[in-house]
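Structure, as structure tokens:
Letters go in sequence order (proteins before strands), and every chain restarts at 1. Reckoned from all heavy atoms, side chains included, excluding hydrogens, waters and symmetry mates.
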Amino acid sequence: MTRERYNPKETEPRWQAAWEEKQLFSTSNDDSRPAYYVLEMFPYPSGRIHMGHVRNYTLGDVLARYKRAKGFSVLHPMGWDAFGMPAENAAMQNKVHPGEWTWANIASMRNQLKPIGLSLDWAREFATCDPSYYKHQQRLFIDFYKAGLVDRKTAKVNWDPVDHTVLANEQVIDGRGWRSGAVVEQRELTQWFLRITRFADQLDNALDSLDRWPEKVRTMQRNWIGRSEGLLVRFAIANAAATPGADGQRDLKVYTTRPDTLFGAAFIGIAADHPLARTLAAQNPALASFIADIRKTGTAQEAIDKAEKRGFDTGLRVAHPFDPDWTLPVYVANFVLLEYGTGAIFGCPAHDQRDLDFARAYDLPVTPVVCPPGVEPATFLIGDEAYDGEGQLINSRFLDGMSASDAYEEVARRLETAQLDGAAVGERKVNFRLRDWGISRQRYWGCPIPMIHCDACGVQPVPVDQLPVTLPEDVSFDKPGNPLDRHPTWSKVDCPNCGAPARRETDTMDTFVDSSWYFARFTDPWNAGAPTTATAVARFMPVDQYIGGVEHAILHLLYSRFFTRAMKETGHVDLEEPFTGLFTQGMVVHETYRDASGAWTEPGDVRIESSGADRRAIHVKTGEPVSIGPIEKMSKSKKNTVDPDDIIAAYGADTARWFMLSDSPPERDVIWTDEGVQGAWRFVQRVWRITQEVASLEAGSGDGPSPVARALRKAAHHAIAAVSDDIEKLRFNRCVAQIYELANAIQSAINNATESGDGSVDVVDALREANAILIQLLAPMMPHLAESCWEALGRKELVATAPWPVHDPAMLVEDEITLPVQVNGKRRADITVARDADRATIEQAALAEDGVKRAIGDAAVKKIIIVLQRIVNVVI
RNA sequence: GCGGUCGUGGCGGAAUGGUAGACGCGCUAGCUUGAGGUGCUAGUCCUGGAAACGGGGUGGAGGUUCGAGUCCUCUCGACCGCACCA
């Protein structure tokens, strides 16, 4: 029989309008049902949605729709991470105001997003560049400031002398500004910092509790925080008077995680920027020129990799803490970092590779003090490799014979009690790699830092009732630098304290600040008086499932975790961890194509021909062969992008969503292929056809129970259980497989019924039930098709409002089960027995099988292992 | 160098320690349909055999176990992250 094909172009907008009209996805803050918060990382409004967005939002949407059907009040919002540099670059290139550009992009991206059919609560939409949002961010900043969580200090920054702005480390490529190409300078600037280090220990410890986060992300954060336990040791300076520039210097503080190796010390290294190095250099031209020289070696990673260990003997000597007569030379060394620890180290060449390289270059003694297990101490020598493992202490006086960890404790204990100038020589110290978060940016298109500089009163926060500090509209981008800085009037303001003329802060905030609390704002974006509403936060936070790309594994997620703690401390939320569940999805990738001249060729211009195992690509216009290149992340430069608009126009949103979900596990990359999309398209049509056939079936003769019907019901209820479980675990590719299996089962039952004429009442009933279940199970993934099918089944309400089907456990229980029978672990036969058959019955049945008899042959049966309802293994 | 993830058909991928390869793509054959992205049926890990029925098989080598893709040890390879952090 002929049926009309399913036409998404007609149905998809219709169902979207129906959902909209009934406001199905707007979430009330007063709802007695349990809440569930699904959030995908909000997009930067670049102007176009790409396939990565479609994948990200589809994953979240499946979960949102499923949880809604399970009876939760689901919060699933969308907004825009709308501040940032691209808007300013566009302003410079096209003479369009960053705000205008951004809002136009938001409008067009919203229009692209809507046809995907996502169940989003658009009533909560906001953009971070809107003063109604950043007003509250300024309030948070001031509250943090008052709580001592904000710091203003000088810091070394990457300065682009052409663009007149600070660059983030990742914006410096081979020592040059990524945009201007100018050689980046290191400058000391006074900057605003958020004191993330105050929470370093908490941020590290709490990672253990985030058991619904990928292990990988937790490890990355742990490394980034870089907690280490060690000892601060003060070395007395032995010859201050004899060293020009060292007058008054009494001690030098060093941080070490290996106090056990103290007797292997050969030298002290200090950073080029260490205060002591500076004072010494002021009296020592040779040292000054050495420092200037090593500063020149680039900051680029490659340069650091290749840099040789270099040092300069300052002439200064310090005394060993356990032996005042033993002095160590103090070097300025290029591999010692000022930013970590105290900016000074003691070098133990035998047990640290860097120190060893240095010692070899400057001919310093290499004394092994930790002997590896099983090695004779007398013969233990260090060659080109330092030994950093455990072992027994040697050449270490009172430590000799101890294990390294006991020696660590012994040294720490002794130095904690030893005195130098009235203070302890040693102090246990937990150190972190994590630095405070510098948020000052010399840019226009960001959230203004709400501070005022007064000559008399110093730095003053803007009074809260004067917020927001809005960005001026009349700015120009024809010159490099920060337009706020050169605006004639904007920065002029009266000091809130004394009323004298003062100056606004013209730096704006790093855009990572904007995204560090937006998830909390979504719980009540209507609150004009405060950033958050306690009841709304309590209702929805933390986010139950957060979904986004792994590229934000460190910065965004760590900043958000910090912000949540800071907001707790300032009374804006009552929780510490913002995201209990985190999922990092893979990228959308595609084959690349190049024509004969080597030019990248778009997938739309390529036709793939295959015969057998051969795949060849041909240019559709020229007919010339095209070479198929590696599969890579979709990018404009390689022209291997597929435009969501085109796909939706050709196949509809459901096909695109289904394919995204079906082909790969969500955490892995998915390869976009035209064949795959067509397969998804065929399945859409197939579901539609099946539904129409089932809907038109008329119950024939026969009213007894049918085994066909029973098998179908089992398949359907099994699918309910499996799909539900897989959605909970975000294993959508397995859901898809389950749904295919159910569709196949329905298909064969239909064929069976129509061919044999066995359309008994029971079979038709079972078909209708299974078909309804099929539609409901795929509804979270292909919501439009599901509505159309639901309607075809004669249902009056929307499937989007239908409760999730519940499986009947009785349907999953088999009366008879088929057990594989192995002989010595190899399967030789199957037996079918009653579900509750006892061991003796099973054993008898197993040994009666021909295949089993043949495999046993003349051998004696040693043992028979029977795992009930699983397997039988005969051991011979 | 350090840390993490992962190696399964032609491809994407399934397998609470219990029948390896579900499901899809592709391919093969037959039927159907036929002007515009068809549909249905059967087959598709390798290998011997007409078949029945065998042999082998989850990067490699060992081990634990009645039984290993799964657990353990070593090893090879790929990808990702960090990288002079004392």
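For the pair A/Q678 CD and B/rG12 C1', the computed distance is 16 Å after rounding to whole Å. Put simply, CD on A/E741 is 13 Å from C1' on B/rG21, counting in whole angstrom units. The distance between atom CD1 of A/I871 and atom C1' of B/rU65, rounded to the nearest whole Å, is 13 Å. Distance, A/E675 CD to B/rG24 C1': 12 Å, rounded to whole Å. Summarising the geometry, the separation between CD1 on A/I225 and C1' on B/rC82 is reported as 14 Å, rounded to the nearest angstrom. Taking atom CD1 of residue A/I864 and atom P of nucleotide B/rG67, one finds them 15 Å apart after rounding to whole Å.
Straight-line distance between the C1' atoms of B/rG7 and B/rU58: roughly 9 Å, to the nearest whole Å. B/rG77 and B/rU8 are spaced 15 Å apart, taking the C1' atom of each and rounding to whole Å. Between the P atoms of B/rA68 and B/rG63, the separation comes to 12 Å (whole Å). Using C1' as the reference atom, B/rG10 and B/rG21 are 14 Å apart when rounded to the nearest Å. On the C1' atoms, B/rU19 is 15 Å away from B/rG57, given to the nearest whole Å. Comparing B/rG56 with B/rG1, their C1' atoms are spaced 41 Å from each other, to the whole Å.
Between B/rC66, B/rC40, B/rA86, one nucleotide has an atom nearer to the side chain of A/L337 than all others, and that is B/rA86. Among the nucleotides B/rA86, B/rG67, B/rC40, the one closest to the side chain of A/N873 is B/rG67. Side-chain proximity of A/N334 to B/rG26, B/rC84, B/rG56: nearest is B/rC84. Of the candidates B/rG24, B/rC66, B/rG13, B/rC66 carries the atom nearest the A/V875 side chain, counting heavy atoms from C-beta on. Between B/rG56, B/rC40, B/rU19, one nucleotide has an atom nearer to the side chain of A/N751 than all others, and that is B/rC40. The side chain of A/S664 sits closest to B/rG12 out of B/rA86, B/rG12, B/rU16. Considering only side-chain atoms of A/R870, the nucleotide from B/rU38, B/rC40, B/rG18 that sits closest is B/rG18. Between B/rU38, B/rG54, B/rA86, one nucleotide has an atom nearer to the side chain of A/Y340 than all others, and that is B/rA86. Between B/rG3, B/rU19, B/rG13, one nucleotide has an atom nearer to the side chain of A/T219 than all others, and that is B/rG3. Taking only side-chain atoms of A/R854, from C-beta outward, the nucleotide of B/rC53, B/rG18, B/rA22 with the closest atom is B/rC53.
Heavy atoms of A/R222 sit nowhere under 4.0 angstrom from any nucleic acid atom. Note on A/V867: a base of the nucleic acid sits closer than 4.0 angstrom, heavy atoms only.
Under the 6.0 Å cut-off for aromatic ring centres, A/F346 and A/F267 do not qualify, their centroids lying 6.0 Å or more apart.
For the residue pair A/T257 and A/S228, no side-chain donor N or O sits within less than 3.5 Å of a side-chain acceptor on the partner. Checking A/Y593 against A/E591 by side-chain atom types alone, a donor-acceptor pair falls below 3.5 Å.
With the nearest nucleotide of RNA chain B identified for both A/R668 and A/N744, A/R668 has the one nearer the 5' end. Between A/K216 and A/F432, the residue whose closest nucleotide on RNA chain B is further toward the 5' end is A/K216.
Ring planes of A/F290 and A/F312: tilted class, angle from 30 to 60°.
At distances below 3.5 Å, at least one donor-acceptor pair connects side-chain atoms of A/Q353 with backbone N or O atoms of A/D384.
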